[in-house]
Engineer: 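The structure follows.
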Amino acid sequence: PLAQNEVLSTFAQAAQTYDLYVGIQSAVWRGLKVFATFRDMYYQNVGARAVPTPDLTVEHESFSVGYEGYLVGLSWRF
């Protein structure tokens, strides 16, 4: 049996991941190279918050997170 303020809840959700990565590199002079990369990631339904309500039911809220970034650089190998 449940206690007076205890709520029983089960919640399942499917998580999805999207990841895009693009990069280029080019030789400029002898061992000198320039490069640029771009990355975009998104994680959907990777977390949830369970909020009890006064009528002893539970409301669920899903969370997603994303990241977007780039890198530009110069490298020299000798």
Engineer: Would you say CD of E61 has more than 12 non-hydrogen atoms from neighbouring residues, nucleotides or ligands within 6.0 angstrom?
Structural biologist: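 Yes, because the 6.0 Å sphere around CD of E61 holds more than 12 heavy atoms from other groups.
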Engineer: With the 4.5 Å side-chain cut-off for hydrophobic clustering, are V72 and L74 part of the same group?
Structural biologist: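 No, V72 does not connect to L74 through the hydrophobic network.
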Engineer: Please answer: with hydrophobic residues joined when any side-chain heavy atoms are less than 4.5 Å apart, are V34 and F78 in the same cluster?
Structural biologist: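 Yes; tracing contacts between hydrophobic side chains, which count when under 4.5 Å, links both residues.
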Engineer: Measure the shortest side-chain to side-chain distance between S75 and F35 over non-hydrogen atoms and say whether it is less than 4.5 angstrom.
Structural biologist: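 S75 reaches F35 side chain to side chain.
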Engineer: How far does CG of L20 sit from CD of E68, to the nearest 0.5 angstrom?
Structural biologist: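 It comes to 9.5 Å.
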Engineer: Look at atom CZ of F63 and say whether more than 12 heavy atoms of other residues, nucleotides or ligands are closer to it than 6.0 Å.
Structural biologist: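 More than 12 within 6.0 Å, yes.
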Engineer: Would a hydrophobic clustering, with Ile, Leu, Val, Met, Phe, Trp and Tyr connected at side-chain separations under 4.5 Å, put M41 with V46?
Structural biologist: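 As far as the 4.5 Å side-chain criterion goes, V46 and M41 are connected within one cluster.
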Engineer: Hydrogens and angles aside, do Y42 and Q44 bring a side-chain donor and acceptor to less than 3.5 Å of each other?
Structural biologist: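 There is no such pair (donor and acceptor under 3.5 Å, judged by atom type) between the side chains of Y42 and Q44.
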Engineer: How long is the gap from CG on L71 to CZ on R39, to the nearest 0.5 Å?
Structural biologist: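 The CZ atom of R39 is 12.0 Å from CG of L71, to the nearest 0.5 Å.
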Engineer: Whether the side chain of Q13 engages the backbone of N45 through a donor-acceptor N/O pair (distance < 3.5 Å, no angle test) should be reported.
Structural biologist: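 Present.
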Engineer: Please examine the side chains of R30 and L32, heavy atoms only from C-beta on, and report whether any two atoms are closer than 4.5 Å.
Structural biologist: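 The answer is no, as the side chains (C-beta and beyond) never meet within the 4.5 Å cut-off.
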Engineer: Is it the case that one hydrophobic cluster holds both Y18 and Y67, taking links as side-chain heavy atoms less than 4.5 Å apart, direct or via other members?
Structural biologist: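 Different hydrophobic clusters.
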